[in-house]
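Convention: sequence-line order gives letters A, B, ...; per-chain numbering from 1. Everything numeric in this text was worked out from a predicted model, so none of it was measured.
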Amino acid sequence: MKTIFSLFHYHQYSIATARIPSTNSTTRSFWSTVAISLQHHHAPPSAPLYLRTASKSEAENTLISLIKSCARISHLCQIHCYLIRTSFLLNPTIFLCFLSRIALPPFQNIPYSYRTFLNYPNHNISLYNTMIRAFSLSDSSFLGFELYREMVHFGISADALSLLSALKCSIKMGSLLNGLQVHGMIFRDGHISDCFLSSALVDFYSVNRKYDEACKVFAEMSYRDTVAWNSLISCQIKNKRTRDALTAFDIMERSEGPRPDDVTCLFLLEACANLNALEFGERVHDYVTSCGLSGSIKICNTLVAMYSRCGSIEKAYEVFKNMPRKDVVTWSSMISGLASNGYGRDAIEAFMEMQRVGIAPDDQTFTGVLSGCSHSGLVDEGLMFFDCMRKEFGVVPNIYHYGCMVDLMGRAGLLDKAYELISRMEAKPDAAVWRTLLGACRIHKNAILGERVVEHLIELKAEEAGDYVLLLNIYSSIGDWEKVMKIRKLMKEKRIQTTPACSTIELNGKIHEFIADDVSHPRKKEIYEKLDEINDQLRIAGYVSEITAELHNTDVEKKRTTLSYHSEKLAIAFGVLSTPPGTKIRVAKDLRICVDCHNFAKILSAVYNRVVIIRDRHRSHHFREGHCSCNDYW
DNA sequence: CTAGGGTTAG
């Protein structure tokens, strides 16, 4: 026996095969060892090997373990031929095993597996399930749903797995109707208590923006495990109920039920980043450490991102520094973090360091580098990186890279160059790219180009309230009130409604939310009084509200009043009111901060001697002693 | 006769 194994070891397969005793004495463990040995050496299975097996069941078991352990698709093809020749393929167990292997990851060869599936004479439910699941993981999920229908049509009633796969197909193909049908079947057949199905349903309603339905499914679950909670938390983040995600974590941590796991923490760190909730983020960090999850590279990468997005670049660097292994995601997170916090030069430095340690940059690394250049006004450097990314690193610029370049050129006033760049990009420019250029037109008060950009947005049928607001801003900044009226009328006709911006501030781990002219907060009277007081103080220090930031062509005094109650100002006032002097005030805003609020925060940081950090949808603005980290490169 | 399956970083 030993000799045979050593022959295998030295890749002498044919000699080894010849020496295998053809008696019944060969045991199952022997054949499994042979199978593993072959797999270990990536050796193709040799057909005569199996023909000589002692009994049929021995051969079956060997084949199954061999199929399961095959490391290459080409070996599976060879086994396939062998199975056909020996009629082993008609064995349902072996066929199912074979089909799952070629249809599911890591091979996922859909054409091959579907062809094989179609050629099989008797389809049972397991085969259907495997095939539907394979489709649900592929790009042709609609075929999976068709197969599910076909199965039901042929009188095979769907079980939990069929329904799960059909549901995943509906999610992937984005069909609300199909998913609802599956939910109906789940309900009808009494699978509603299946934890896996309910979690998938939560996810289904989540991606279809039906938050209440998702909550309903979750509430009706008889038992909720960690994954079910994770699905809910993911749903809350996707559906702008990020604060509820923090609450959900609270409940999980306090109750005796399922423990938050690494995935829960990933979601929570994202939630904290979205809300600029540094304290809560630190709490999750502590939890991660206490559970021994701090060795996970995924978690650490997300921690780096969370701390940077919360404007705490020091803490981000701390985590980054202590990571024993750093991959491309780690470096990209650090680079993007430096970039969004106004450290463009350091972002470039980190990019150089990354190459010194031999990590190849990818597309997202360049997004970080280029956005760093654009935020810090490093025009030449940005152009240089954009030029060399394809030539030297083989990274083809995507739409985000073009977005960064448009931003870079746009801020620098090279509006026509930016327009030209968009016109000759190989990918079709999306709304975000045009919107970036529109933002630049706003900064440089270029109404003519602004109009052209909006036309492109209309052509894409992607115009949003925010775009018209930018255009309005351009007109009002140059005092063209006639055009302002025209646009407002147009907006009314098109029934475009402005969505109120929302700002959040964290106090003692609790998130407070404000929208413009908000009156919902329990301490609203105090807050408004404080804000009026702040406004008076700042005016003494020379703050003049930038009235062009407001749209309406009303009298100046009224404009000043409207501007006074922007959501970020309310949040800042609340921060000044409720924290002792010297405490940092950190605010998150879902849209972009306006010029006026920018000035407001800048002067406030000097007058009240507070560090104010505002994170809008693009970056963090650090205000300290009357200065801003972005050097007013707004 | 059963198993199979749901959430996942920049």
By ring-ring contact (aromatic ring centres under 6.0 Å, His included) - contacts of A:Tyr120 (at least two apart): A:Phe95
Only counting residues at least two apart or in another chain, list the ones meeting side-chain contact (heavy atoms from CB on, under 4.5 Å) with A:Ala103. A:Ser113, A:Ala134
Near DNA chain B, counting only heavy atoms under 4.0 Å, which residues of residues 353-361 of chain A show up? none
Counterpart residues, side chain to side chain donor-acceptor pair (under 3.5 Å), relative to A:Arg115 (two or more places apart): none
A:Ser140: partners by side chain to side chain donor-acceptor pair (under 3.5 Å), with sequence neighbours left out: A:Ser138
Side-chain donor-acceptor distances from residues 353-366 of chain A under 3.5 Å, at least two apart:
residue	atom	partner	partner atom	Å
A:Glu353	OE1	A:Arg356	NE	3.1
A:Glu353	OE1	A:Arg356	NH2	3.0
A:Arg356	NH2	A:Glu349	OE2	3.4
A:Asp362	OD1	A:Gln364	N	3.1
A:Asp362	OD1	A:Thr365	N	3.1
A:Asp362	OD1	A:Thr365	OG1	2.9
A:Thr365	OG1	A:Ser332	OG	3.0
A:Thr365	OG1	A:Asp362	N	3.0
A:Thr365	OG1	A:Asp362	O	3.4

Would you tabulate the side-chain donor-acceptor contacts of residues 147-156 of chain A under 3.5 Å, counting partners in other chains and residues two or more places apart, or write 'none'?
residue	atom	partner	partner atom	Å
A:Arg149	NH1	A:Glu146	OE2	3.4
A:Arg149	NH2	A:Asn178	OD1	3.4
A:Glu150	OE2	A:Tyr128	OH	2.9

Take nucleotides 4-10 of chain B nucleotide by nucleotide from the 5' end and write B, S or -, depending on whether a protein heavy atom sits under 4.0 Å from the base, only from the sugar-phosphate, or from neither. BBBBBBB
Under 3.5 Å, side-chain donor or acceptor atoms of residues 267-285 of chain A against the rest of the protein: list the pairs with distances, not counting sequence neighbours.
residue	atom	partner	partner atom	Å
A:Asn274	OD1	A:Arg309	NH2	2.9
A:Asn276	ND2	A:Val587	O	3.0
A:Glu279	OE1	A:Gly509	N	3.1
A:Glu282	OE2	A:Lys315	NZ	2.5
A:Arg283	NH1	A:Asp250	OD1	3.1
A:Arg283	NH2	A:Asp250	OD1	2.6
A:Arg283	NH2	A:Glu253	OE1	2.8
A:His285	ND1	A:Tyr307	OH	2.8

